[in-house]
Q: 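First the structure, then my questions, so here it is.
In what follows, chains carry the letters A, B, and so on, assigned in the order in which the sequence lines appear, proteins first and then strands, with residues in each chain numbered from 1.
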2 protein chains.
Amino acid sequence: MHKATEQLSVYLAGQGLKSTRQRDRILDVFVSAGRHLSAEELYLLIRKTDRRIGYATVYRTLKLLAGAGLAHERRFEDGITRFEYDAAEGHHDHLICTRCGRIIEFENEQIEDLQLRVAKKNRFQVQTHKLELYGLCEGCQSKKGKTEL
Amino acid sequence: MHKATEQLSVYLAGQGLKSTRQRDRILDVFVSAGRHLSAEELYLLIRKTDRRIGYATVYRTLKLLAGAGLAHERRFEDGITRFEYDAAEGHHDHLICTRCGRIIEFENEQIEDLQLRVAKKNRFQVQTHKLELYGLCEGCQSKKGKTEL
DNA sequence: CTGCAATTGAAAATGGTTATCAAAATCATC
DNA sequence: GATGATTTTGATAACCATTTTCAATTGCAG
Ligand SMILES: [Mn+2]
Ligand SMILES: [Mn+2]
Ligand SMILES: [Zn+2]
Ligand SMILES: [Zn+2]
C-alpha cells in the first residue's frame, strides 16, 4: 500500500466516508501519471484498464482528493481544470508553454517574500496565490506556427 | 470624442470594420464604469439606458476591444471572464478579496525582474504572466462568515 | 441612392462541470 | 455470515458562461 493510498484511507475513515474500488483505482492511476491531469485525461487513462468507472466518479473523486490534501486544483488560461498529485513537497508555481502545453515548475523564495510585502503594504491577508508565466519553452522557440493555448 | 472612442475608430478603419451605435455605446459605458466588468455586468449597465443592445454583441465587442488594445481580459478563480479598460498605463497585477470580491491593483518591478530571471534560468521565453494574490482585504479581515469566491 | 459586406439580436449550440436519482456497494452491528 | 442504514456509483440531465448560427438590418464605398 503506497503512502498516498494509506493517506486516503486515513482521511476517509476520519470523515466517516467509505473506501471503494473506484477511489483506490482513481488515486492509483492519478499518482502514477505523475503530471497535471484534467478529469477527462484521467478518465481516459483509467478506462484503458478498467471500463467500470463513470465520468462523474472521476470528477467527484478528484474533488475528494483535493479535500484530503492529496491533489491540488489548477486552472490555467485554457479554462480546463487540472489536478496534480501533491506529496506534500510544498508550494510551487508554473511556466506554461502556449505552444505545446508543457508545464515547468519552479519555486522562488524571493518572489514569495516580495508578494507578502506587497500584501502587507495593502493591509491584505493572503490566503493563496497564483503565479503563472506563459510563453515558449526551449523546444518551441525554434519552431514556427501558431500557439495552442 | 474621448481618447478611447477615437482609438476605436482608428482601429476599426484600419481593419476594414464598421463603426456602429452599439460599439460606441458599449465602449462608452465600459470606460465610464472604470472597473473590472464581466460581459453580463456590462450588458446590464448598458440596458439601463439602451435596451436595443443584444447580449451577444456585448460579448463580441469586448473581444473586439481586447483585440484593439482597449481592454484587457482577466480570468480570476471564480471562472468568470472580466475585462478592464486599459488606457495604456502599463501592466499591473491583482490582490483579490475572496470575501467581498474587491480587487486591488499593484505593480512591483522587483517581482517582474525576478520572474524574468526564473524564465531565463529555464530557457523560457515569456509572453505574458499572471500574478494574483487571494485573501482578505482590510475591511473583510474583521468580519466573520464564509467567502464569496 | 445602390449594392454588398459587415453587423446585429434572438435563439440554439457548445463544452466543461455539477446535480439527480435509482441501483449497487460498504461496513458497523448483530 | 446476514442485516440494514448510509454512502457511493454511473448514466444522464441540468447548469451556465460563452460562442455560434442565421436571417434581418445597417454602414459605407462608389
Ligand atoms: Mn505543478
Ligand atoms: Mn486590473
Ligand atoms: Zn513548448
Ligand atoms: Zn473584502
Q: Hey, could you give me the CG/CG distance between A/L45 and A/D50, rounded to the nearest 0.5 Å?
A: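 A/L45 atom CG to A/D50 atom CG measures 12.5 Å (nearest 0.5 Å).
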Q: Rounding to a whole Å, what distance do you find between B/L64:CG and C/dT7:P?
A: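 In whole Å, C/dT7 P lies 8 Å from B/L64 CG.
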Q: Taking atom P of C/dT17 as reference, at what distance in whole Å does atom NZ of A/K63 sit?
A: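 Computing the A/K63:NZ to C/dT17:P distance gives 9 Å.
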Q: Could you run through nucleotides 19-30 of chain C and give me one letter per nucleotide, 5' to 3': B if any protein heavy atom sits under 4.0 Å from the base, S if only the sugar-phosphate is that close, - if neither?
A: BB-----BS---
Q: Test side chain to side chain donor-acceptor pair (under 3.5 Å) on B/R25 and B/T20; report intermediate values, then the result.
A: CA-CA 9 Å; B/R25 201 80 239 295; B/T20 66; over 6 Å; no
Q: Using a strict threshold of under 4.0 Å (side-chain N to carboxylate O), is an ion pair present between A/R35 and A/E84?
A: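 Looking at A/E84 and A/R35, the cut-off is not met.
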Q: Within the structure, does a side-chain N or O atom of A/Y59 lie under 4.0 Å from either OP1 or OP2 of C/dT17?
A: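 Yes, because at least one side-chain N or O of A/Y59 sits under 4.0 Å from OP1 or OP2 of C/dT17.
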Q: Expressed as a whole number of angstroms, how long is the span from B/L65:CG to C/dT7:C1'?
A: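 Atom CG in B/L65 sits about 15 Å away from atom C1' in C/dT7.
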Q: Please identify which of these residues, A/E132, A/E77, A/H94, meets the side chain to side chain donor-acceptor pair (under 3.5 Å) condition with B/K130.
A: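 It is A/E77; the other options fail the test.
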Q: Ignoring hydrogens and angles, tell me if any N or O in the side chain of B/E41 forms a donor-acceptor pair with the backbone of B/S38 under 3.5 Å.
A: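 Side chain of B/E41 to backbone of B/S38: a pair is present.
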Q: Of B/G16 and B/R47, whose closest DNA chain C nucleotide lies nearer the 5' terminus?
A: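 The residue whose closest nucleotide sits nearer the 5' end is B/G16.
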Q: Do A/F76 and A/I103 make a side-chain contact, defined as non-hydrogen atoms from C-beta onward lying under 4.5 Å apart?
A: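 Yes; the side chains approach each other to less than 4.5 Å.
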Q: Using whole Å, what does the distance between atom C1' of nucleotide C/dG9 and atom CZ of B/R51 come to?
A: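 In whole Å, C/dG9 C1' lies 14 Å from B/R51 CZ.
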Q: Which heavy atom of B/V126 sits nearest to which heavy atom of B/A119, and what is that distance?
A: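 So the minimum-distance heavy-atom pair works out to CG2-CB, 3.4 Å.
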Q: Count the heavy atoms of every other residue, nucleotide or ligand shown that sit under 6.0 Å from CZ of B/R47, and state whether that count exceeds 12.
A: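 Atom CZ in B/R47 is packed in, count exceeds 12.
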Q: Closer to the 5' end of DNA chain D via nearest nucleotide, is it A/I53 or B/G79?
A: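 The residue closer to the strand's 5' end, by nearest nucleotide, is A/I53.
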Q: Rounded to whole Å, how long is the line connecting atom OH of A/Y55 with atom C1' of C/dG16?
A: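 Result: 8 Å.
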Q: Could you check how far CD of A/E73 sits from C1' of C/dT18, rounded to whole Å?
A: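 Going from A/E73 (CD) to C/dT18 (C1'), I get 13 Å.
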Q: First and last nucleotide of DNA chain D touching chain B, 5' to 3', heavy-atom cut-off 4.0 Å?
A: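 Nucleotide range with atoms under 4.0 Å of chain B: D/dA17 to D/dC28.
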Q: Do A/Q141 side-chain atoms and A/L136 backbone N/O form a donor-acceptor pair below 3.5 Å?
A: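 Flag set: sc A/Q141 to bb A/L136 pair under 3.5 Å.
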